[in-house]
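Worksheet for the structure shown next.
We're numbering straight along the sequence, starting at 1.
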Amino acid sequence: MADDPKRELRSRRWYGVSDLRSFNHRSRELQMGYSYDDFMGKPVVAIINTWSDINPCHAHFRTRAEEIKRGVWQAGGFPVELPAMSLAEIFVKPTTMLYRNLLALEVEELLRSHPVDGAVLMGGCDKTTPGTLMGAISMNLPTIFMPAGPMLRGNYAGQTLGSGSDVWKYWAEKQAGNIDETEWRSMEAGMARSFGTCMTMGTAPTMTALTETLGLSLPGASSIPAADSSHPRMATLCGRRIVEMIHEDLKPRDILTRASFLNALVVHMALAGSTNAMIHLVAMAGRAGIELSLDDFDRLAREIPVTANIRPSGAYLMEDFYYAGGLRAFLSTLAEKLDLTQKTVAGGTLGDQIKGAKVYNDDVIRPLSNPISSAVGTAILRGNLAPDGCVMKPSAAEPRLLKHSGPALVFRDYNHMQAEIDREDLDVTADHVLVLQNGGPIGGPGMPEWGMLPIPKKLLKQGVRDMVRISDARMSGTSYGACILHVAPEAYIGGPLAAVRNGDIISIDVERRSINLEVREAEIARRLAEWVPPDRTYQRGYNRIYAEHIRQADKGCDFDFLEGTAPVPEPEIH
């Protein structure tokens with residue numbers, strides 16, 4: 001029953017002290033059928049499991065948790081599975097973004113309050129990656145992130161389907177009358193053929209790829225399809241490696257640096273990753289005490305072309321990306337743009353992580369000399385309509401719309417837009433700029449994925465498939481089109497977006513990174529002085545906490561009281 005004298009484990013405070021409280025801790029472990037040899041003096045590993053019955057992205061996590069435990073046992077540790085919020089992207093309303101910070105807080109407190117020495121985080125469905133990582137970075141115990149992996153390719157009538165991206169594409173065709181209900185139902189059945197996350201370059205694959213680039217996942221882990229037999233082997237390796245990391249005392253903030261975040265931005269640009277990554281990376285960096293700004297994103301976007309030929313910006317899917325060599329091969333093509341000296345959870349550097357990696361299909365993973373598009377993957381626009389910035393994915397928009405001026409058609413909120421957008425008598429042309437107000441962090445609330453406003457039905461019938469759309473909301477990373485998002489400050493708090501009226505001319509120029517409302521500043525000020533936001537008063541509960549403490553999109557939408565690295569006292573054990 002003696003503890004390892006080489007290094008005192010945090011869990012020893014619970015199990016290894018000769019007092020009444022530790023007697024109770026040991027007694028309760030024995031009550032569950034464990035023996036002293038199972039837990040005494042061994043690293044205790046928390047397995048943070050975001051499984052639920054309503055999260056298809058994580059449907060395999062019950063099994064994967066057991067496979068992680070196998071690795072922990074093999075390496076001489078003691079695994080403890082702790083459930084956390086699942087945040088099923090498709091089902092949680094109004095948006096999982098409303099609860100990302102709640103998951104982060106839950107993970108931080110799970111790790112702080114339990115007798116654990118390190119953690120394996122199980123996530124992948126959009127907000128579970130940044131949410132679990134933000135909590136773990138704040139707690140700063142040795143941590144590995146185990147990604148859920150993308151689902152298999154979709155299939156319909158001999159065509160390969162991509163989640164999200166093809167949903168929007170074929171919905172537009174259905175609205176235009178080109179697809180009937182039977183065909184639509186067949187697509188539903190063929191779209192998602194296995195457990196796992198979206199297999200387009202949506203938020204889930206983007207964030208897990210960036211997590212691996214940051215050094216917080218095992219080499220190659222993020223690319224493995226969820227249904228592939230390599231995935232459970234990877235899970236077991238996570239269990240083995242975390243025990244070693246506990247002995248090494250290798251923690252997230254030992255790995256995360258400004259240089260590692262800049263590496264993640266390089267990869268994000270080359271992937272044409274989800275626009276949501278901006279919010280999450282800024283928040284994650286803030287938890288590590290690292291400053292990351294929208295200007296960093298835009299600077300690297302101008303330098304790094306899009307070389308991952310993956311939908312919605314390209315042609316292929318994540319399964320193809322894996323067969324082409326996966327993220328390790330992709331990183332190797334970007335080596336000259338990366339700081340390869342950065343640490344990883346594997347114990348070496350990023351350079352060590354990509355040694356020997358090969359590209360097996362250079363149409364899927366292209367070299368820097370052969371990008372898929374001349375358009376950049378991300379652009380940060382500023383002007384009198386978005387003084388604190390907004391974001392666009394130019395590579396996923398029709399080129400004709402990258403420089404555009406047109407009259408605004410304004411929707412004061414999502415319900416207003418839903419009620420009006422498909423009216424046959426809607427006064428709209430293809431040159432209009434669709435504007436959605438009150439979709440931001442507070443106005444939504446939670447900044448829902450409303451930013452890909454649907455094309456008006458009357459225009460779909462005319463063959464229009466893209467328009468400039470502007471909002472303070474977000475959009476799914478699987479979406480495409482000339483959507484300008486995350487306008488900051490948001491309309492609800494009196495940002496300039498609140499001043500837009502029907503018929504106002506809005507001008508965008510992506511090359512110049514500009515977005516402007518062509519209205520005199522005095523008139524904008526007058527309108528804002530008269531602005532009355534919709535009622536978003538919350539008398540109690542989590543929504544009240546959220547509204548009182550949420551930061552704006554350009555600051556990462558973290559809670560003001562969770563930012564930074566100020567220490568929180570360890571729990572007293574009495």
Exactly one of Thr200, Thr160, Asp166, Asp320 should register a side chain to side chain donor-acceptor pair (under 3.5 Å) with Arg311. Which one does?
Asp166

Please step through side-chain contact (heavy atoms from CB on, under 4.5 Å) for the pair Val92 and Leu98, ending with a clear verdict.
CA-CA 9 Å; Val92 172; Leu98 183 65; over 6 Å; no

Quick one: pull up [atom1] in [X] and [atom2] in [Y] and give me the separation to the nearest 0.5 Å.
| X | Y | atom1 | atom2 | answer |
| --- | --- | --- | --- | --- |
| Thr95 | Glu449 | OG1 | CD | 6.0 Å |
| Leu292 | Met284 | CG | CE | 10.0 Å |
| Cys238 | Ile47 | SG | CD1 | 10.0 Å |
| Met134 | Leu562 | CE | CG | 7.0 Å |
| Thr213 | Leu338 | OG1 | CG | 7.5 Å |
| Asp558 | Ile550 | CG | CD1 | 7.0 Å |

Do [X] and [Y] have side-chain heavy atoms sitting under 4.5 Å apart?
| X | Y | answer |
| --- | --- | --- |
| Leu434 | Val468 | no |
| Leu210 | Leu281 | yes |
| Arg153 | Leu161 | no |

Can Arg70 and Glu67 be counted as an ion pair, charged N to O under 4.0 angstrom?
no

Under a 4.0 Å N-O cut-off, is there an ion pair linking Asp295 with Arg382?
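A salt bridge is present here (some side-chain N lies under 4.0 Å from a carboxylate O).
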
Has [X] got a side-chain atom pairing as donor or acceptor with [Y]'s backbone, closer than 3.5 angstrom?
| X | Y | answer |
| --- | --- | --- |
| Asp466 | Ala482 | yes |
| Arg474 | Trp450 | no |
| Asp472 | Glu490 | no |
| Ser471 | Ala473 | yes |
| Ser223 | Leu327 | yes |
| Arg241 | Val345 | yes |
| Arg469 | Met467 | yes |

Less than 3.5 Å apart, which donor and acceptor atoms pair up between the side chains of residues 264-273 and the rest of the protein, not counting sequence neighbours?
residue: His268; atom: NE2; partner: Gly273; partner atom: O; Å: 3.4
residue: His268; atom: NE2; partner: Ser274; partner atom: O; Å: 2.9

For Asp554 and Arg551, what are the C-alpha separation, side-chain angles and deciding distance, and is it a salt bridge (Lys or Arg N to Asp or Glu O under 4.0 Å)?
CA-CA 8 Å; Asp554 61 305; Arg551 301 267 263 157; over 6 Å; no

Going by the rule side chain to side chain contact (heavy atoms under 4.5 Å, CB included), which residues pair with Asn49 if we only count those two or more places apart in sequence or in a different chain?
Trp51, Phe61, Ala65, Glu81, Met122

Enumerate the residue pairs fulfilling side-chain hydrogen bond (donor to acceptor under 3.5 Å, both in side chains) with a member in residues 121-149, sequence neighbours excluded, ordered by first and then second residue.
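Every side-chain hydrogen bond (donor to acceptor under 3.5 Å, both in side chains) pair that includes a residue of residues 121-149, provided the two are not neighbours, is Glu89-Lys127, Thr96-Lys127, Ser138-Arg287.
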
Considering only residues two or more places apart or on different chains, which pairs with a residue in residues 388-399 satisfy side-chain hydrogen bond (donor to acceptor under 3.5 Å, both in side chains)?
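Only Ser313-Ser395, Glu398-Arg400 qualify under side-chain hydrogen bond (donor to acceptor under 3.5 Å, both in side chains).
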
His231 vs His60 aromatic rings, parallel, tilted or perpendicular, using cut-offs 30° and 60°?
tilted

Could you pull out the closest heavy-atom pair between Pro252 and Ala136, with the gap in Å?
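Heavy atoms only, the tightest pair is CG-O, 4.1 Å.
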
Would you check if there is a donor-acceptor pair between the side chains of [Y] and [X] at a distance under 3.5 Å?
| X | Y | result |
| --- | --- | --- |
| Arg100 | His280 | yes |
| Arg233 | Ser230 | yes |
| Glu212 | Ser222 | yes |

Non-neighbouring partners of [X] that pass salt bridge (charged side-chain N to carboxylate O under 4.0 Å, His left out), sequence neighbours left out:
| X | value |
| --- | --- |
| Arg258 | Asp296 |
| Glu106 | none |
| Asp249 | Arg7, Lys251 |
| Arg240 | none |

More than 12 heavy atoms of other residues, nucleotides or ligands under 6.0 Å from [atom1] of [X]: yes or no?
| X | atom1 | value |
| --- | --- | --- |
| Lys69 | NZ | yes |
| Ile90 | CD1 | no |
| Gln159 | CD | yes |

Would Met85 and Thr50 satisfy side-chain contact (heavy atoms from CB on, under 4.5 Å), going step by step from the backbone distance to the final call?
CA-CA 6 Å; Met85 293 182 74; Thr50 53; over 6 Å; no

With [X], which residues qualify under side chain to side chain donor-acceptor pair (under 3.5 Å), at least two apart?
| X | result |
| --- | --- |
| Asn516 | none |
| Thr341 | Asp339 |
| Tyr99 | none |

Run the ring-ring contact (aromatic ring centres under 6.0 Å, His included) test on Tyr170 and Tyr156 for me, step by step, so that the C-alpha distance in whole Å, both residues' side-chain angles and the decisive distance to 0.1 Å come before the verdict.
CA-CA 12 Å; Tyr170 286 110; Tyr156 165 72; 7.1 Å; no

Enumerate, atom names and distances included, each donor-acceptor pair closer than 3.5 Å involving a side-chain atom of residues 299-310, sequence neighbours excluded.
residue: Arg302; atom: NE; partner: Asp298; partner atom: OD2; Å: 3.2
residue: Asn309; atom: OD1; partner: Ala315; partner atom: N; Å: 2.9
residue: Asn309; atom: ND2; partner: Asp363; partner atom: O; Å: 3.1

Could you go through Asp352 and Thr349, starting from their C-alpha distance and side-chain angles, then the distance that decides it, and tell me whether this counts as side-chain hydrogen bond (donor to acceptor under 3.5 Å, both in side chains)?
CA-CA 5 Å; Asp352 298 328; Thr349 65; 3.2 Å; yes

Quick one: do Ser52 and His58 satisfy side-chain contact (heavy atoms from CB on, under 4.5 Å)? Show the steps, please.
CA-CA 7 Å; Ser52 81; His58 297 177; over 6 Å; no

Would Leu216 and Thr344 count as a side-chain contact (heavy atoms from CB on, under 4.5 Å) if you check the C-alpha gap in whole Å, the side-chain angles of each, and the deciding distance to 0.1 Å?
CA-CA 6 Å; Leu216 298 177; Thr344 79; over 6 Å; no

